[in-house]
Amino acid sequence: ARDLFPGALELMVLRLLKRDPLHGYALVQRIRQASNDLLQIEEGSLYPALQRLLKAGLVEAEWRTSATNRRVRTYHLTKEGAKHLTREVSSFERMLEGITRVLSLEGA
């Protein structure tokens with residue numbers, strides 16, 4: 001398995017939280033499902049990423065009761081998180097375009 005580039009996990013978490021507030025396990029499952037099982041995020045990577053996002057003020061968290069009647073910490077995007085997401089997606093798309101151009105060079 002390959003590691004994600006720095007910030008990729010945070011970017012995916014912010015994007016998913018833009019749609020709905022989610023708890024950690026649901027985030028892991030949504031990433032797995034949305035990537036058709038290409039990405040397997042470990043909880044040991046997810047929770048430190050969530051803490052970084054909380055500390056930066058990009059997400060907020062609250063305790064709720066899950067559908068299975070368990071107490072879970074649910075995360076939601078802040079206004080600053082939404083602005084950050086827009087900037088980061090734009091930056092990522094430019095980077096991806098550059099990489100795609102280099103990889104498509106003839107004879108390279």
Side-chain angles (χ1 to χ4, degrees):
R2 293 194 156 190
D3 290 336
L4 297 171
F5 66 86
L9 179 55
E10 288 87 346
L11 186 61
M12 290 186 293
V13 166
L14 292 174
R15 178 61 186 91
L16 289 170
L17 294 178
K18 184 176 181 180
R19 294 184 67 190
D20 298 304
L22 296 166
H23 56 82
Y25 181 75
L27 283 164
V28 167
Q29 294 304 308
R30 292 268 176 98
I31 291 170
R32 184 186 58 76
Q33 291 166 352
S35 70
N36 290 328
D37 293 323
L38 292 173
L39 300 174
Q40 302 289 330
I41 305 301
E42 302 292 330
E43 290 182 19
S45 299
L46 177 66
Y47 289 105
L50 286 167
Q51 289 304 312
R52 289 189 295 274
L53 293 170
L54 282 165
K55 187 174 180 180
L58 304 178
V59 300
E60 291 178 344
E62 63 182 314
W63 290 100
R64 293 186 180 174
T65 303
S66 73
T68 58
N69 207 29
R70 292 178 54 197
R71 195 164 177 243
V72 293
R73 194 167 191 198
T74 303
Y75 301 88
H76 65 272
L77 193 64
T78 63
K79 287 183 183 179
E80 184 56 39
K83 292 176 190 175
H84 180 79
L85 175 62
T86 299
R87 287 190 306 268
E88 290 300 308
V89 167
S90 177
S91 176
F92 174 77
E93 288 171 342
R94 286 191 308 275
M95 178 186 67
L96 185 58
E97 179 184 356
I99 291 170
T100 300
R101 288 174 184 244
V102 171
L103 293 177
S104 66
L105 289 175
E106 294 290 325

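Just so it is clear, the structure is predicted and the values come from calculations on it, not from any experiment. For the numbers below, each heavy atom of this structure counts, side chains included, while hydrogens, waters and symmetry mates do not.
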Verify same cluster id: Val72, Leu77 (apolar side-chain graph, 4.5 Å):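 No, it is not one cluster - the side chains of Val72 and Leu77 are not joined through contacts under 4.5 Å.
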
Do Tyr25 and Trp63 sit in the same hydrophobic cluster, where Ile, Leu, Val, Met, Phe, Trp and Tyr count as joined when their side-chain heavy atoms come under 4.5 Å apart?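 No, Tyr25 does not connect to Trp63 through the hydrophobic network.
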
With sequence neighbours excluded, tell me which residues meet side-chain hydrogen bond (donor to acceptor under 3.5 Å, both in side chains) with [X].
X	answer
Glu62	Arg64
Arg15	none
Asn69	none

Quick one: does Thr78's side chain have a donor or acceptor within less than 3.5 Å of a partner on Leu58's backbone?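 Yes, the answer is positive, given that a donor and an acceptor are paired below the 3.5 Å cut-off.
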
Going by atom type alone, with no hydrogens or angles, which donor-acceptor pairs under 3.5 Å involve a side-chain atom of residues 42-52 and a protein atom two or more places apart or on another chain?
unit_1: Arg52; atom_1: NE; unit_2: Glu10; atom_2: OE2; d: 2.8
unit_1: Arg52; atom_1: NH2; unit_2: Glu10; atom_2: OE2; d: 2.5

How close do Ile41 and Met12 get, heavy atom to heavy atom, and via which atoms?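 Residues Ile41 and Met12, closest heavy atoms: CD1-CE, 4.5 Å.
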
Under the salt bridge (Lys or Arg N to Asp or Glu O under 4.0 Å) definition, can you give me all pairs with a residue in residues 26-39, not counting sequence neighbours?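 Output for this query lists Asp20-Arg30, Arg32-Asp37.
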
Salt bridge (Lys or Arg N to Asp or Glu O under 4.0 Å) partners of residues 78-91, not counting sequence neighbours, each pair once: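 Salt bridge (Lys or Arg N to Asp or Glu O under 4.0 Å) check on residues 78-91 returns Glu80-Arg87.
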
Using the rule side chain to side chain contact (heavy atoms under 4.5 Å, CB included), only one of Leu9, Leu17, Leu14 pairs with Leu53; which is it?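 Exactly one option meets the side chain to side chain contact (heavy atoms under 4.5 Å, CB included) with Leu53, and it is Leu14.
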
Name all pairs fulfilling the side-chain hydrogen bond (donor to acceptor under 3.5 Å, both in side chains) condition that reach into residues 92-102, sequence neighbours left out, sorted by first residue then second.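 Listed once each, the pairs are Ser90-Arg94, Glu97-Arg101.
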
A side-chain contact here means heavy atoms from C-beta on lying under 4.5 Å apart; do Thr74 and Leu22 qualify?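 SC-SC contact between Thr74 and Leu22 ruled out.
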
So, taking the atom named NE2 in His23 and the one named CZ in Arg71, what distance separates them when rounded to the nearest 0.5 Å?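 Going from NE2 on His23 over to CZ on Arg71, the span is 14.0 Å.
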
Scan residues 67-103 for pairs that pass ring-ring contact (aromatic ring centres under 6.0 Å, His included), counting only residues two or more places apart or in two chains.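 For residues 67-103: Phe5-Phe92.
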
Residues which pass side-chain contact (heavy atoms from CB on, under 4.5 Å) with Arg70, listed by chain and number, not counting sequence neighbours: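 Listed in chain order: Ser66, Thr68.
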
Can you name the residues that form a side-chain contact (heavy atoms from CB on, under 4.5 Å) with Leu38, not counting sequence neighbours?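 Leu38 satisfies side-chain contact (heavy atoms from CB on, under 4.5 Å) with Ser35 once adjacent residues are dropped.
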
